[in-house]
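Notes follow once the structure below has been shown.
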There are 2 protein chains.
Amino acid sequence: MRYQKTHKDDTRRRVLEVASRNFRQNGLVGTGVATIMADAGLTNGAFFTHFRSKEALIEEVFESASDIGYQGLVEAGTAGGIEAIVRRYMRPEHRDHPERGCPAAALGPEVARHSPATRAAFTRKFQRMVDLINSHLPSPNESRAQAIFGTLIGAMQLARSVSDPALSDQLLNSGIEAGIVLARA
Amino acid sequence: MRYQKTHKDDTRRRVLEVASRNFRQNGLVGTGVATIMADAGLTNGAFFTHFRSKEALIEEVFESASDIGYQGLVEAGTAGGIEAIVRRYMRPEHRDHPERGCPAAALGPEVARHSPATRAAFTRKFQRMVDLINSHLPSPNESRAQAIFGTLIGAMQLARSVSDPALSDQLLNSGIEAGIVLARA
DNA sequence: TGTACATCAGTGAACGCGCGTTCACTGATGTAC
DNA sequence: TGTACATCAGTGAACGCGCGTTCACTGATGTAC
């Protein structure tokens with residue numbers, strides 16, 4: 001072999017990370033295979049030695065792309081409970097950098113249009129997030145944890161969509177308040 | 001003139017309605033001009049006698065497409081207050097027919113990627129919805145109304161994205177419960 | 001009343017471009033002898 | 001140790017296709033005389 005044993009796996013992982021970032025930035029339909037490969041330092045042809053198709057890549061992104069944002073939320077929860085999780089999620093930095101943030105907030109409606117396999121992978125990530133929230137509720141309540149996640153996603157999307165910066169900041173705060181109310185009620 | 005005076009305006013309105021439906025169904029990037037025109041019973045060339053560009057169409061859709069879903073929520077609010085609004089929004093029919101439903105739930109993250117003019121038009125529709133919710137709160141509270149709207153959007157998107165139908169139904173209920181809690185707290 | 005011309009919403013072919021995907025090829029390295 | 005061959009990740013041109021957009025044209029009707 002003319003490459004290290006780990007070389008192909010390394011490349012594959014790199015493509016997954018780049019794809020995950022680009023998808024969150026420009027959408028699933030808005031991101032092309034050639035762009036992903038160029039950003040990973042390769043040419044388009046190599047893509048299909050790693051993945052069967054673009055749809056297969058999308059599925060794998062939801063299954064396995066490493067999730068720095070999620071780790072930060074785990075740490076916030078350990079340090080400051082549910083309120084810290086909510087505050088961390090609703091940070092201006094998160095609003096301003098969807099490419100490093102929550103896939104549900106960046107891609108929600110697009111996931112709904114994709115294959116069952118992709119939606120199943122998304123569901124697993126969703127459940128992990130609900131479990132994290134639930135584990136920090138004063139009295140655990142799956143339904144409530146789901147709703148809190150929904151509130152975070154919705155408020156974050158609105159903060160990103162609205163054209164008035166002051167209103168956008170206010171939406172982040174509205175999301176924080178509501179998240180805390182829901183956690184306590 | 002070989003057409004009625006109203007003819008061109010009628011066509012224009014029809015294209016806007018078809019576009020609005022198709023956008024919510026397949027996304028802004030996922031919907032082509034030729035498809036919209038074919039669904040409106042015309043050929044692609046006619047598009048540019050009505051709109052400067054696809055981006056201009058998108059902007060106008062957010063500005064002016066008639067909103068049957070919104071009217072239904074107004075009536076629900078009049079009849080049954082905030083709880084009826086929340087229940088109506090979170091209906092399974094809404095989840096299963098994004099093409100007839102809330103643009104924010106169907107297109108949120110895509111709007112965030114579009115032109116300032118499009119986002120400004122979106123902001124106006126957003127504000128109208130927040131006002132409706134706020135007018136039915138026991139004690140009016142803009143921030144709370146914003147958060148309730150966020151909760152509805154987020155919960156609806158999750159219900160549409162998740163692959164397990166039972167979980168999807170549960171998410172609709174979680175959204176209803178949370179909406180009511182937020183309205184009362 | 002009948003003919004010539006102006007109007008203009010809509011037609012449909014064509015434009016360059018980027019998409020996802022295929023494929024013959026390259027070239028660096030490891031293995032066999 | 002030196003040469004011939006096998007391996008295979010990656011290259012880059014090419015495929016058909018649909019995209020947004022342009023444009024010369026059509027044809028039904030209204031107006032002028």
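Reckoned from all heavy atoms, side chains included, excluding hydrogens, waters and symmetry mates.
- Separating the CZ atom of A/F47 from the P atom of D/dC8 is a distance of 21 Å, rounded to the nearest angstrom.
- Counting to the nearest Å, the P atom of D/dG10 and the CZ atom of A/F51 are 11 Å from each other.
- Here the side chains of B/S163 and A/F126 are not in contact, with every heavy-atom distance at 4.5 Å or above.
- Distance, A/D10 CG to D/dA9 P: 13 Å, rounded to whole Å.
- At least one side-chain heavy atom of B/Q127 sits under 4.5 Å from a side-chain heavy atom of B/D131.
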Could you list, one pair per line, each protein nitrogen or oxygen that sits under 3.5 Å from a nitrogen or oxygen of nucleotides 18-20 of chain C, together with the distance?
| residue | atom | partner | partner atom | Å |
| --- | --- | --- | --- | --- |
| C/dG20 | OP1 | A/K54 | NZ | 2.9 |
| C/dG20 | OP2 | A/V33 | N | 2.7 |

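- Using a 4.5 Å heavy-atom cutoff, the side chains of B/F122 and A/L158 are in contact.
- If you measure from atom CZ of B/R12 to atom P of C/dG10, you get 12 Å, rounded to the nearest angstrom.
- Considering only side-chain N and O atoms, B/T11 lies nowhere under 4.0 angstrom from the phosphate OP1 or OP2 of C/dA9.
- Ion pairing between A/D10 and A/R13 holds under the 4.0 Å rule for side-chain N and carboxylate O.
- Between the side chains of A/E55 and A/S115, at least one donor N or O sits under 3.5 Å from an acceptor N or O.
- The interatomic distance linking A/R52 (CZ) with C/dT22 (P) rounds to 11 Å, in whole Å.
- We find that CZ of B/R14 is positioned 11 Å from C1' of C/dA9, with the value rounded to whole Å.
- The CE-P distance, from B/M37 to C/dA9, rounds to 12 Å in whole Å.
- Residues forming a ring-ring contact (aromatic ring centres under 6.0 Å, His included) with A/Y89 (at least two apart in sequence, or on another chain): A/H94.
- By the criterion of side-chain heavy atoms lying less than 4.5 angstrom apart, applied directly or through intervening Ile, Leu, Val, Met, Phe, Trp or Tyr residues, A/V74 is grouped together with A/I133 in one hydrophobic cluster.
- Counting all heavy atoms, side chain and backbone alike, A/A183 lies closest to A/P138 at O-CD, 3.3 Å.
- Residues A/T123 and A/R119 bring no donor and acceptor atom of their side chains to less than 3.5 Å of each other.
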Pair assignment for DNA chain C - dot-bracket with | for other-strand partners, Watson-Crick or G-U under 3.5 Å | .||||||||||||||||||||||||||||||||
